[in-house]
Every structure is written in structure tokens, then in C-alpha cells.
Amino acid sequence: ALGAMLTGNSNVAIGGGDGTTSGALRSSTAAGQCVAIGTGAAGNAVVTTAANGTVAVGYKSLTAFTSGGTNTAVGFQALMANTIGHENTALGYNALLTNVDGDSNTAIGMEALKIYEPADGVGGNTAVGYQAGDALTTGNGNTLIGRRTDASPGGGANQSEISNAA
């Protein structure tokens with residue numbers, strides 16, 4: 001934990017590597033005010049000062065992370081692929097799993113927004129519930145509440161759905 005830290009301050013890192021990933025915040029050189037708890041939490045990429053204020057709790061949560069600030073990832077592989085996306089909140093197993101650079105998304109629930117990966121700077125989605133928004137890939141401005149609730153396939157925009165889909 002905190003293996004390469006050079007100038008960052010006020011960080012908390014707990015967790016080692018497992019042979020496939022490094023320890024928590026292991027490659028951070030300058031990030032500050034970050035919390036990383038769990039094997040590989042925010043640990044496989046060089047985390048810069050642009051990542052200040054980030055929280056990663058869970059096995060491989062935010063593991064590819066480099067510079068997107070003020071992200072919160074809690075859960076097994078939550079926001080795992082995120083590198084530069086910022087202001088995202090992922091709570092749950094595989095929540096926002098494939099997001100690399102989408103911004104300002106909230107995914108609460110197992111696999112909520114799991115395959116979402118828009119263009120850089122796109123986002124603003126809220127998905128709450130088991131697999132809510134799990135078919136959304138590029139849409140923005142959607143509100144999806146309920147079990148397996150989704151917007152139009154792929155790239156829905158500015159849609160609101162409340163249901164309990166089968």
C-alpha cells in the first residue's frame with residue numbers, strides 16, 4: 001500500500017497485491033485526500049494529483065484509475081476500468097464496471113450501469129437497482145430506477161424509467 005507515494009498527503013491505503021494486481025494506491029505518486037481499501041483498490045496505474053478526493057473500497061475497485069477526481073467506488077470491481085472519468089459514484093458488485101471516461105454517473109446496485117462506456121465527458125446517468133441500466137452503453141442524462149430497468153438499447157438519452165423489469 002502507498003508504495004510509490006512521493007508527494008501526496010492525507011491518504012489512507014489498506015490492502016496488498018494478489019499476483020494479478022498491486023496493493024491499494026500502490027502506484028500513486030502525488031494524489032491526496034484519497035482512501036483505498038482492498039486488494040488492487042486504485043492500485044494498478046499511476047494516480048496523479050488530478051485524482052484528489054477519490055474513494056475506492058473493494059477488490060479491484062478503480063484499479064485502472066489514473067486522474068479522474070472525486071470518484072467513489074465501493075464494491076467488488078466497482079468502476080474497475082475507470083481511468084479519467086470523474087465525479088462518478090458506483091456502489092455495488094461490478095457497478096459501472098466498464099466506464100473509462102464517463103463523468104457524473106451514479107450507479108447503485110449489483111451490475112448497475114455495468115457496460116456503460118461513453119465518449120470522454122459524457123454521462124449524467126443515475127441507475128438504482130439490481131442491474132439497472134445494465135444494457136446502457138453510451139447514453140446520457142438517464143434516470144433508471146428499479147430491478148433491470150433500462151433506457152432505449154445502447155444509447156438512450158434523457159429518459160426516465162421506473163419499473164421492476166423481468
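Any value given below was found using the heavy atoms of this structure, including those in side chains, with hydrogens, waters and symmetry copies removed.
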Open item on the list: For a quick test of reading the model, state the closest non-hydrogen atom pair linking Leu96 to Tyr116 and the distance between them.
Closed with: CD2-CD2, 4.0 Å
TODO: Check for a donor-acceptor pair, side chain of Asn11 on one end and backbone N or O of Cys34 on the other, with a separation under 3.5 Å.
DONE: yes
Open item on the list: Checking Gln77 against Tyr93 for the side chain to side chain contact (heavy atoms under 4.5 Å, CB included) test, could you report, in this order, the C-alpha distance in whole Å, the side-chain angles of both residues, the deciding distance, and whether it holds?
Closed with: CA-CA 6 Å; Gln77 297 181 340; Tyr93 177 95; 5.6 Å; no
- [ ] Look at the side chain of Asn125 and the backbone N and O of Gly139, then say whether any donor-acceptor pair between them is shorter than 3.5 Å.
- [x] yes
TODO: Could you tell me whether the side chain of Asp150 and the main chain of Asp134 form a donor-acceptor pair under 3.5 Å?
DONE: yes
Task: Shortest non-hydrogen contact from Gly146 toward Ala132 - done: O-CB, 3.6 Å
Open item on the list: Please check this pair: side chain of Gln159 against backbone of Ser152, looking for a donor-acceptor N/O pair closer than 3.5 Å.
Closed with: yes
- [ ] Report whether Tyr59 and Leu97 are members of the same hydrophobic cluster (ILVMFWY, side-chain heavy atoms less than 4.5 Å apart, transitive linking).
- [x] no
TODO: For the pair Asn142 and Thr126, evaluate side chain to side chain contact (heavy atoms under 4.5 Å, CB included) and give the outcome as yes or no after the intermediate values.
DONE: CA-CA 6 Å; Asn142 296 292; Thr126 300; over 6 Å; no
Open item on the list: Can a donor-acceptor pair be found, under 3.5 Å and without considering hydrogens, that links the side chain of Asp103 to the backbone of Val122?
Closed with: no
Open item on the list: With no hydrogens and no angle check, just 3.5 Å: does a side-chain donor-acceptor pair link Thr149 and Glu161?
Closed with: no
TODO: Using atom types as modelled and distance alone, determine if a side-chain donor or acceptor of Asn71 lies under 3.5 Å from a backbone N or O of Asn88.
DONE: yes
Open item on the list: With clusters defined by side-chain heavy atoms of hydrophobic residues (ILVMFWY) lying less than 4.5 Å apart, directly or transitively, does Ile14 cluster with Val57?
Closed with: yes
TODO: With rounding to the nearest 0.5 Å, note down the distance linking NE2 in His86 to CG in Asp101.
DONE: 9.5 Å
- [ ] Please name the pair of heavy atoms, one in Ala78 and one in Ala73, separated by the smallest distance, quoted to 0.1 Å.
- [x] O-CB, 3.6 Å
Task: Reported CD1-to-CD1 distance for the pair Ile145 and Ile108, which is rounded to 0.5 angstrom - done: 9.5 Å
- [ ] Without swapping roles, check the side chain of Asn140 against the backbone of Gly124 for a donor-acceptor pair under 3.5 Å.
- [x] no
TODO: Hey, could you give me the CZ/CD distance between Arg147 and Gln131, rounded to the nearest 0.5 Å?
DONE: 8.0 Å
Task: Nearest heavy atoms of Ser67 and Ile84, plus distance in Å - done: OG-CG2, 3.3 Å
Open item on the list: Donor-acceptor check, side chain of Thr83 to backbone of Ala64, threshold 3.5 angstrom: yes or no?
Closed with: no
Open item on the list: Quick check: closest heavy atoms across Thr106 and Leu113, and the distance to 0.1 Å?
Closed with: O-CD1, 3.8 Å
- [ ] For residues Thr54 and Thr70, report the shortest heavy-atom separation together with the two atoms involved.
- [x] OG1-N, 3.6 Å
- [ ] Go through the side-chain N and O atoms of Glu117 and Thr138 and say whether any donor and acceptor fall under 3.5 Å apart.
- [x] no
Open item on the list: For the backbone of Gly85 and the side chain of Asn82, can you confirm whether one donor and one acceptor N or O come within less than 3.5 Å of each other?
Closed with: yes
- [ ] Begin with the C-alpha distance, continue with both residues' side-chain angles, and end with the deciding distance and a verdict on side chain to side chain contact (heavy atoms under 4.5 Å, CB included) for Asn105 and Asn99.
- [x] CA-CA 10 Å; Asn105 296 289; Asn99 184 71; 4.3 Å; yes
